[in-house]
Visitor: 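Please read through the structure below; I'll follow up with questions.
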Amino acid sequence: MNLYKEFIKDARDYNGYEDLKANFKISIPENFNFAYDVVDRYEKDAPEKRAMLWVNDYGDEKTFTFTDIARESRRVANFLTAQGIKKGDAVMLILRRRFEFWFFMIALHRIGAIAIPATAQLLAKDIEYRNNCAGVKMIVSLASSKLKKEMDEALEKSPTVEKLVWVKNAAEPDSYSLYENESDKWLDFDKEIAKYDDNFARPTGNAATTNDDVMILYFTSGTSGYPKMVQHNFAYPLGHIVTAKYWQNVVDDGLHLTVAETGWAKAVWGKIYGQWIAGTGIFTYDMDTFKPGIMLEKIAKYKITTFCAPPTIYRYFIRQNFDKYDLSALTYCVTAGEALNPEVKIRFKELTGITMMEAYGQTESTVICGNFVGMKDKDGSMGKPAPGYNVEIVDETGKPVAPGEKGEIIIHVEDGRPFGLFSGYYKDDDLTKAAFEGGLYHTGDTAYMDEDGYVFFIGRNDDIIKSAGYRISPFEVESVLQQHPAVLECAVTGVEDKGRGQLVKATIVLNKGYEASNDLANEIQEFVKNLAANYKRPRLIEFVDELPKTISGKIRRVEIRENDAK
């Protein structure tokens with residue numbers, strides 16, 4: 001059983017991309033609420049259907065049916081309301097991949113409270129900023145000595161926070177005493193939840209949710225400046241039908257793995273909404289650290305059917321011995337979050353027979369462009385515009401460019417915002433108005449579209465390098481660098497230069513077995529020169545142990561540029 005066709009107008013099987021793009025339409029029910037209209041519906045009609053298989057690094061394994069998810073989320077809803085949480089209140093969840101995250105998310109949807117997923121990598125200043133900008137009333141946190149230290153510092157300047165809840169963490173059992181010693185301040189979730197039953201009626205009247213109410217709030221990691229608060233309303237989950245069914249190609253009663261931690265918006269792309277609507281189960285690996293061999297073992301052991309991860313994960317995968325793993329259950333793999341280097345895609349297909357299908361989107365959206373099911377993919381392309389999204393490539397004046405010309409990706413919203421696109425920036429009418437000025441949403445990303453309608457990513461507008469009159473895409477140079485056997489990860493940036501305006505610089509993390517040297521730098525420069533135009537050759541190379549990244553794992557080229565400018 002699955003529900004996705006119930007939310008599609010004139011639901012049917014589509015005859016290729018053009019049919020999908022032209023005729024796919026979401027039918028949004030009045031006052032849709034994912035908790036009641038999806039989770040509880042499965043509980044009623046398919047009570048034993050698997051919703052999630054959860055495992056960690058300590059031998060723990062749990063299978064949750066939709067009945068389990070529905071029941072536990074109702075208990076959590078009772079717990080939350082007993083603590084004073086009501087419709088419109090903001091609750092921050094810092095739970096990594098603990099299964100309690102799903103209980104809390106669905107419970108918050110039941111109440112109509114605003115869920116703010118956040119990463120455990122936040123520092124005190126990050127937590128304080130989020131608390132005060134969003135007016136956070138409660139924080140639910142994984143037990144962690146480091147995180148608690150940051151939290152305690154942030155709470156000194158977070159007047160809106162009234163309640164604190166801690167959840168057990170198998171990776172750090174010694175940290176529990178820190179919370180138990182402050183039981184007057186921190187509530188032990190396991191002890192508290194035992195007090196509540198699973199009877200929770202759907203609110204009515206003013207307490208009921210509407211499609212326009214704020215359901216979830218994400219702070220964009222950003223490349224510079226303070227994060228913006230991206231708000232999505234209660235209709236947002238329906239936009240991820242395209243994500244799950246027509247991009248990830250999940251199957252009814254399959255098992256889908258998206259690697260993302262729950263603090264990143266990519267988690268709701270692949271760990272809850274579209275997948276459950278389409279009827280597939282979620283595989284959650286609550287890992288302490290990413291180890292490619294162990295993740296491949298999990299994929300093999302638990303017979304994962306569909307998989308989604310950023311290109312970095314695949315870059316580590318292709319250096320493993322695939323003869324050790326039975327991946328016969330794996331039928332479909334997709335990637336997003338950063339640009340995909342062609343050699344990674346080619347090598348992964350050689351090892352598995354599976355063609356990785358790329359897509360593009362933002363925290364503010366669902367899939368904007370993608371290589372959808374049944375499409376013929378083009379190497380280097382992130383696909384064609386998604387159903388519901390009217391996408392164009394425009395120049396600096398807003399005029400559409402010709403096929404093959406570079407410009408900014410924009411989305412037309414003159415006739416209304418497409419399903420899945422954010423409803424605005426929380427508590428910032430001016431920023432929201434500016435984002436949609438002129439009936440367009442500006443993504444800030446540069447790309448070109450070929451004559452067949454395929455979109456090719458170039459980079460963030462701020463990342464484009466201007467050297468000796470040339471406009472150079474960091475991604476183009478990085479794609480060549482990635483083909484050198486010494487290069488594990490790299491970031492290409494521009495360095496100010498009086499003669500050329502900017503010089504191309506490559507910051508490189510080396511693979512094991514290679515050592516930084518001038519000879520290796522020269523070798524890599526010659527390697528690029530032989531595979532790309534000479535003006536794209538890095539004039540400067542720096543070897544580092546790791547690249548600066550955002551809390552969502554994206555490379556922070558802006559930090560490299562700032563350090564070089566000092």
Visitor: Which distance, rounded to the nearest 0.5 Å, do you find between the OG1 of Thr81 and the CD1 of Ile111?
Guide: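 Here the interatomic distance stands at 5.5 Å.
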
Visitor: Only one of Trp54, Trp102, Phe103 clears ring pair (Phe, Tyr, Trp, His ring centres under 6.0 Å) with Phe64; which?
Guide: Phe103

Visitor: Whether the side chain of Trp276 engages the backbone of Val39 through a donor-acceptor N/O pair (distance < 3.5 Å, no angle test) should be reported.
Guide: no

Visitor: Between His232 and Glu364, what is the shortest heavy-atom contact and its length?
Guide: CE1-O, 3.5 Å

Visitor: Could you tell me whether Phe422 and Phe436 have their ring centroids closer than 6.0 angstrom?
Guide: yes

Visitor: Are the side chains of Leu164 and Met138 in touch, meaning some heavy atoms are under 4.5 Å apart?
Guide: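 No, side chains not in contact.
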
Visitor: Only distances under 3.5 Å count here; give the side-chain donor-acceptor pairs of residues 169-179 to other protein atoms, sequence neighbours excluded, each with its distance to 0.1 Å.
Guide:
unit_1: Asn169; atom_1: OD1; unit_2: Ala171; atom_2: N; d: 3.1
unit_1: Asn169; atom_1: ND2; unit_2: Ala143; atom_2: O; d: 2.9
unit_1: Glu172; atom_1: OE2; unit_2: Ser145; atom_2: N; d: 2.8
unit_1: Glu172; atom_1: OE2; unit_2: Ser145; atom_2: OG; d: 2.4
unit_1: Ser175; atom_1: OG; unit_2: Glu172; atom_2: O; d: 2.7
unit_1: Tyr176; atom_1: OH; unit_2: Asn169; atom_2: N; d: 3.1
unit_1: Tyr176; atom_1: OH; unit_2: Asn169; atom_2: O; d: 2.9
unit_1: Ser177; atom_1: OG; unit_2: Asp174; atom_2: O; d: 3.3
unit_1: Tyr179; atom_1: OH; unit_2: Ser144; atom_2: N; d: 3.1
unit_1: Tyr179; atom_1: OH; unit_2: Ser144; atom_2: O; d: 3.3

Visitor: Please confirm whether the backbone N or O of Ala235 pairs with a side-chain atom of Asp212, one donor and one acceptor, at under 3.5 Å?
Guide: no

Visitor: Does the side chain of Ile94 reach to within under 4.5 Å of the side chain of Ile139, using non-hydrogen atoms?
Guide: yes

Visitor: Indicate yes or no for a side-chain donor-acceptor contact from Tyr129 to the backbone of Pro227 under 3.5 Å, with no hydrogens or angles considered.
Guide: yes

Visitor: When you measure from the side chain of Asp152 to the backbone N and O of Lys149, does any donor-acceptor pair fall under 3.5 Å?
Guide: no

Visitor: Is there side-chain contact between Leu95 and Val140, with heavy atoms separated by less than 4.5 Å?
Guide: yes

Visitor: Tell me whether the rings of Phe419 and Tyr389 are parallel (<30°), tilted (30 to 60°) or perpendicular (>60°).
Guide: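 Phe419 vs Tyr389 ring planes: perpendicular.
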
Visitor: Between atom CD1 of Ile458 and atom CG of Asp445, what is the distance when rounded to the nearest 0.5 Å?
Guide: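 Taking CD1 in Ile458 and CG in Asp445, the distance rounds to 10.5 Å.
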
Visitor: So, Lys148 and Glu182, do they make that salt bridge, N to O below 4.0 Å?
Guide: yes

Visitor: Take the angle between the ring planes of Tyr273 and His240 and call it parallel below 30°, perpendicular above 60°, tilted in between.
Guide: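 Answer is parallel, since the angle falls under 30°.
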
Visitor: Would you say the side chain of Glu61 lies within less than 4.5 Å of the side chain of Leu53, judging by non-hydrogen atoms?
Guide: yes

Visitor: Is it true that a side-chain atom of Asn131 and a backbone atom of Val161 form a donor plus acceptor pair closer than 3.5 Å?
Guide: no

Visitor: Any salt bridge (charged side-chain N to carboxylate O under 4.0 Å, His left out) involving residues 73-89? Give me the pairs, sequence neighbours left out, ordered by first then second residue.
Guide: Asp40-Arg74, Glu43-Arg74, Glu72-Arg75, Lys86-Asp89, Lys87-Asp213, Asp89-Lys137

